[in-house]
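Below, read A as the first sequence line, B as the second, and so on, with proteins coming before strands; counting in each chain starts at 1. Please read these numbers as outputs of a predicted model, since none were measured by experiment.
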2 protein chains.
Amino acid sequence: MSTKTSTDTELESERPLRADARRNRERIIEAARELFAGERPNVQMDEVAHRAGVGVGTVYRHFSDKEALMGELVRQRFDLFNENLRQALADEHPGAFTALAAALRANLVSVAEDAATRFAFMSGGERVFAHAASEMEEFMLLANELIRRAHLAGELRDDFQASDIPMVMCGICATIDVSKPGWDWQRHLTLILHGMRA
Amino acid sequence: MSTKTSTDTELESERPLRADARRNRERIIEAARELFAGERPNVQMDEVAHRAGVGVGTVYRHFSDKEALMGELVRQRFDLFNENLRQALADEHPGAFTALAAALRANLVSVAEDAATRFAFMSGGERVFAHAASEMEEFMLLANELIRRAHLAGELRDDFQASDIPMVMCGICATIDVSKPGWDWQRHLTLILHGMRA
DNA sequence: ACCTGAACACCGTTCAAGT
DNA sequence: ACCTGAACACCGTTCAAGT
């Protein structure tokens with residue numbers, strides 16, 4: 001849902017983009033995703049442009065700078081997070097805590113499978129997250145509802161609050177990215193879920 | 001303890017350094033600490049040199065590259081972590097789990113107070129941690145003993161293992177560094193401690 | 001409207017010359 | 001033995017010229 005494609009320079013410039021420009025934009029994002037996921041830590045804008053089959057200038061026409069490009073990956077990921085949260089709110093059969101846990105796990109599985117976005121999450125500062133501001137806002141609304149239900153069901157610790165959800169996700173995400181021997185994000189999540197349980 | 005000051009290029013070159021070189025080295029580390037802790041995300045090697053009152057070449061004489069300089073900050077921090085773990089092993093009055101919790105809290109307090117080291121922890125890849133290899137090894141030995149005791153006391157979940165200690169520290173450390181509104185590393189730690197409890 | 005890529009700027013790193 | 005800083009290399013970003 002909500003596959004917004006606004007130019008990142010201005011918040012609300014919703015002119016529809018020429019067909020070739022649209023295609024280029026898509027290719028640039030795809031190229032960035034592939035290259036950022038690679039083993040080499042620092043990917044150059046020239047490489048992204050080359051792999052996308054465009055000139056560097058075109059990359060900068062679509063994304064004001066490198067952080068904006070990473071920001072787009074983050075934005076798309078939050079879109080997917082929100083999808084997972086909505087799913088959890090819909091499937092109410094299992095119980096409020098289970099639904100919350102499932103949403104967290106689904107989000108982190110998607111992060112674990114996507115090294116490029118993880119790179120954007122980690123290496124980028126606040127500038128990167130600014131590009132996903134509205135998606136993050138919706139994320140908080142959905143998270144709020146999810147924990148409200150779990151609290152009502154008496155299954156979640158009283159002092160657990162909505163902002164703890166992105167916080168623990170950030171923590172687990174960091175450990176996925178560092179990934180020392182013996183580290184296992186699944187156990188990390190399980191541990192935190194134990195701590196969340198009322 | 002163990003204020004090792006080996007040149008970072010070779011693992012075990014223990015020649016004692018001329019007095020002025022030693023002083024310069026100290027100043028460079030101090031300058032890096034001050035600048036990395038500043039608001040601007042990317043500090044230049046020239047700035048570090050200037051603040052330390054030396055030429056850039058001198059910085060590179062002491063540290064093979066920028067990551068080695070960050071690595072030294074990480075190394076010193078692990079020295080301090082180890083000190084905290086030893087302390088926890090010595091103060092056995094309170095109980096094994098309490099000792100473990102105190103060690104974790106002490107480590108994270110020191111991280112929370114030191115933006116420069118946090119920067120080094122986060123922005124650096126494995127290359128940075130390689131500089132603290134032996135300190136990290138000792139850290140694991142101490143952590144092992146700490147959790148062994150907590151397991152014996154029956155106060156720690158059976159499936160909690162030694163490598164989970166740096167893992168959760170890494171996770172909390174990441175959330176300290178990002179620090180969105182509503183995030184609180186103290187509650188993050190408390191949450192995890194709840195999950196650790198047998 | 002959009003694209004190109006040579007040119008520029010910035011910053012990590014080196015090395016010839018100094019003490 | 002150690003220091004200096006100008007020179008070099010690399011890569012993010014811009015912009016004049018194209019379609």
Should the heavy atoms of other residues, nucleotides or ligands under 6.0 Å from NE2 of B/His151 be counted, would the total exceed 12?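 Enclosed.
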Protein-nucleotide distance ([X], atom [atom1]; [N], atom [atom2]), rounded to Å:
X	N	atom1	atom2	value
B/His62	C/dT13	NE2	P	16 Å
B/Phe63	C/dT14	CZ	P	15 Å
B/Asn24	D/dG5	CG	P	12 Å
B/Ile28	D/dC3	CD1	C1'	10 Å
B/Leu17	D/dC2	CG	P	6 Å
B/Arg22	D/dC2	CZ	P	12 Å
B/Arg61	D/dA1	CZ	P	10 Å
A/Arg18	C/dC3	CZ	C1'	9 Å

Under 4.0 Å, heavy atoms only, any strand: does [X] hit a base, just the sugar-phosphate, or nothing?
X	answer
A/Asp65	sugar-phosphate
B/Asn42	nothing
A/Val43	sugar-phosphate

Take the angle between the ring planes of A/Phe78 and A/Phe129 and call it parallel below 30°, perpendicular above 60°, tilted in between.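 Correct class here is perpendicular.
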Which base, if any, makes a Watson-Crick or G-U wobble pair with C/dG12, both distances under 3.5 Å?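 Its partner is D/dC8.
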For D/dT19, what is the paired nucleotide under Watson-Crick or G-U wobble rules, both distances under 3.5 Å?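 Check on D/dT19: paired to C/dA1, both distances under 3.5 Å.
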Grab the two heavy atoms, one from A/Ser64 and one from A/Ala68, that are nearest each other, plus how far apart they are.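 For A/Ser64 and A/Ala68, the tightest heavy-atom pair comes out as OG-CB, 3.6 Å.
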Taking every non-hydrogen atom, the tightest pair across B/Val59 and B/Ile28: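 Shortest heavy-atom contact: CA-CD1, 3.8 Å.
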Tell me which nucleotide among [options] gets nearest to the side chain of [X].
X	options	result
A/Val56	D/dC3, C/dT4, C/dA6	C/dA6
B/Ala21	C/dC2, D/dC3, D/dG12	D/dC3
B/Thr58	D/dC3, C/dC2, C/dA6	D/dC3
B/Tyr60	D/dC2, D/dT13, C/dT14	C/dT14
A/Gln44	D/dC3, C/dG5, D/dC11	D/dC11
A/Lys66	C/dT4, C/dC3, D/dT13	D/dT13

I want to confirm an ordering. Mapping B/Gly53 and A/Gly57 to their closest nucleotides on DNA chain D, which one lands closer to the 5' end?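 The residue closer to the strand's 5' end, by nearest nucleotide, is B/Gly53.
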Under the criterion salt bridge (Lys or Arg N to Asp or Glu O under 4.0 Å), I'd like the reasoning laid out for A/Asp164 against B/Arg187: C-alpha separation, chi angles, the key distance, then a yes or no. CA-CA 9 Å; A/Asp164 292 340; B/Arg187 208 175 49 248; 2.6 Å; yes
